[in-house]
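This report concerns only the one structure given below.
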Amino acid sequence: MKHFGLNLVESPMDGLMLLEPTVHGDARGYFMETFKSEGQDLIWKQDNESMSHRGVLRGLHFQRPPHAQAKLVSVVQGSVYDVVVDLRTDSPSYGKTYGSVLSSINKRRLLIPAGFGHGFLTLEDHTIFQYRCSEGYAPEFEGCIAYNDESLAIDWLAESGLTPADLQLSAKDQKGMAFAAFESPFVGPDFQTA
């Protein structure tokens, strides 16, 4: 099954899809389609790119409605441990997390529906991370769940070889809210699951 011209690897939660391209390679290098809009309902409004060094942790970020963002994320160079948490109150996976390694080697992408918190831990220096967003950045609507929330129990370090002392976070990400204190705005028909 194709989504955005990419092959579905798995869909661990409703609407969340781990995707990978078909790569055509030979001695000269490779070619792959990284996105195709044909037959898709989502309209992408903003593309972003970040470069981070090993041990940088960004997240768990989200934007509240009416600026909630779906994202299609990938790694151009290096690797990350990418994590999401379902924030949709009507979802059977509400409060559940999912993590996967995305890298320039495996070329996988993660399609994250609106209504999820998202973050990643950089596993290599000079990692370049790209994300396509269905809404533009709206700082007055952004929020952050604590990356180290005990009830979410995300094992950020399992894939990294890093220690807690190696983690580098922004001041904003160090002040993420507890999941228990979070009042989800992701309710109603726009955030219902199948």
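Here, residue 1 is the first one in the sequence, and each next residue gets the next number.
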Assess whether side-chain contact (heavy atoms from CB on, under 4.5 Å) is satisfied between Phe116 and Leu87, documenting all intermediate values.
-> CA-CA 5 Å; Phe116 278 75; Leu87 303 176; 5.7 Å; no
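- Within a 6.0 Å sphere centred on CD of Glu140, heavy atoms belonging to other residues, nucleotides or ligands number more than 12.
- Remark: Asp166 CG to His53 NE2 distance equals 14.5 Å, nearest 0.5 Å.
- The OG atom of Ser93 lies 12.5 Å from the OH atom of Tyr98; values are rounded to the nearest 0.5 Å.
- More than 12 heavy atoms of other shown residues, nucleotides or ligands fall within 6.0 angstrom of atom CD in Glu49.
- Heavy atoms only, all atoms of each residue included: Ser160 and Leu121 are closest at CB-CD2, 3.9 Å.
- Heavy-atom minimum distance, Phe182 versus Pro185: CZ-CD, 3.7 Å.
- No single ILVMFWY cluster, assembled from side-chain heavy atoms under 4.5 Å apart, contains both Met13 and Val101.
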Can you give the donor-acceptor pairs under 3.5 Å from side chains of residues 57-76 to other protein atoms, not counting sequence neighbours?
residue : atom : partner : partner atom : Å
Arg58   : NE   : Ser52   : OG           : 3.0
Arg58   : NH2  : Ser52   : OG           : 2.9
His61   : NE2  : Gly59   : N            : 3.4
His61   : NE2  : Asp173  : OD1          : 2.6
His61   : NE2  : Asp173  : OD2          : 3.4
Gln63   : OE1  : Ala138  : N            : 2.9
Gln63   : NE2  : His67   : O            : 2.8
Gln63   : NE2  : Gly136  : O            : 3.2
Arg64   : NH1  : Glu142  : O            : 3.0
Gln69   : NE2  : Glu135  : O            : 2.8

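- Scanning all heavy atoms of the two residues, the minimum distance from Gly188 to Asp90 falls at N-OD2, 3.8 Å.
- Under the 4.5 Å side-chain contact rule for hydrophobic residues, Leu152 and Leu157 share a cluster.
- Side chains of Thr22 and Asn7: a donor on one and an acceptor on the other come within 3.5 Å.
- Of the inter-residue distances, the one linking Ile145 atom CD1 with Thr97 atom OG1 reads 12.5 Å to the nearest 0.5 angstrom.
- At most 12 heavy atoms of other shown residues, nucleotides or ligands fall within 6.0 angstrom of atom NZ in Lys96.
- Across all their heavy atoms, Gly78 and Thr127 have their closest contact at CA-OG1, 3.5 Å.
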Walk me through it: do Cys133 and Asn48 pass the test side-chain contact (heavy atoms from CB on, under 4.5 Å)?
-> CA-CA 8 Å; Cys133 302; Asn48 301 313; 3.5 Å; yes
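- Met177 and Phe141 sit in two unconnected hydrophobic clusters of ILVMFWY residues. Membership requires side-chain heavy atoms under 4.5 Å apart, directly or through other members.
- Between Arg108 and Glu20 there is a salt bridge, since at least one side-chain N of the basic residue sits less than 4.0 Å from a carboxylate O of the acidic one.
- Using a 4.5 Å cut-off on side-chain heavy atoms (C-beta onward), Lys107 and Tyr30 make contact.
- Note: Phe186 and Phe191 have perpendicular aromatic rings, judged against thresholds of 30 and 60 degrees for the angle between ring planes.
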Val83/Trp156 under side-chain contact (heavy atoms from CB on, under 4.5 Å): CA gap, chis, key distance, verdict = CA-CA 8 Å; Val83 175; Trp156 290 99; 3.5 Å; yes
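- In terms of modelled atom types and a separation under 3.5 Å, the side chain of Asn106 and the main chain of Ser103 share a donor-acceptor contact.
- One hydrophobic cluster, built from ILVMFWY side chains closer than 4.5 Å, holds both Val9 and Leu102.
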Starting from the C-alpha separation in whole Å, work towards a yes-or-no answer on ring-ring contact (aromatic ring centres under 6.0 Å, His included) for Phe120 and Tyr81.
-> CA-CA 5 Å; Phe120 63 89; Tyr81 182 57; over 10 Å; no
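- With 3.5 Å as the limit, one finds no donor-acceptor pair spanning the side chains of Ser100 and Asp82.
- For Lys175 (side chain) and Lys172 (main-chain N/O), no donor-acceptor pair under 3.5 Å exists by modelled atom type.
- Between Asp86 and Arg88 there is a salt bridge, since at least one side-chain N of the basic residue sits less than 4.0 Å from a carboxylate O of the acidic one.
- Look at Arg54 and Asp125 and you find no salt bridge, because none of the NZ, NE, NH1 or NH2 atoms lies under 4.0 Å from a carboxylate O.
- The backbone N or O of Glu124 lies less than 3.5 Å from no partner atom in the side chain of Thr122, so there is not a single donor-acceptor pair.
- In summary, the aromatic rings of Phe179 and Tyr94 are positioned with their centroids under 6.0 Å apart.
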Begin with the C-alpha distance, continue with both residues' side-chain angles, and end with the deciding distance and a verdict on side-chain contact (heavy atoms from CB on, under 4.5 Å) for Leu19 and Leu111.
-> CA-CA 7 Å; Leu19 305 164; Leu111 175 65; 4.1 Å; yes
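- Counting all heavy atoms, side chain and backbone alike, Asp14 lies closest to Pro113 at O-CG, 4.2 Å.
- To the nearest 0.5 Å, the span separating CZ on Arg132 from CD1 on Ile112 amounts to 14.0 Å.
- Using a 4.5 Å cut-off between side-chain heavy atoms of Ile, Leu, Val, Met, Phe, Trp and Tyr, with links allowed through other members, Leu167 and Val85 fall into the same hydrophobic cluster.
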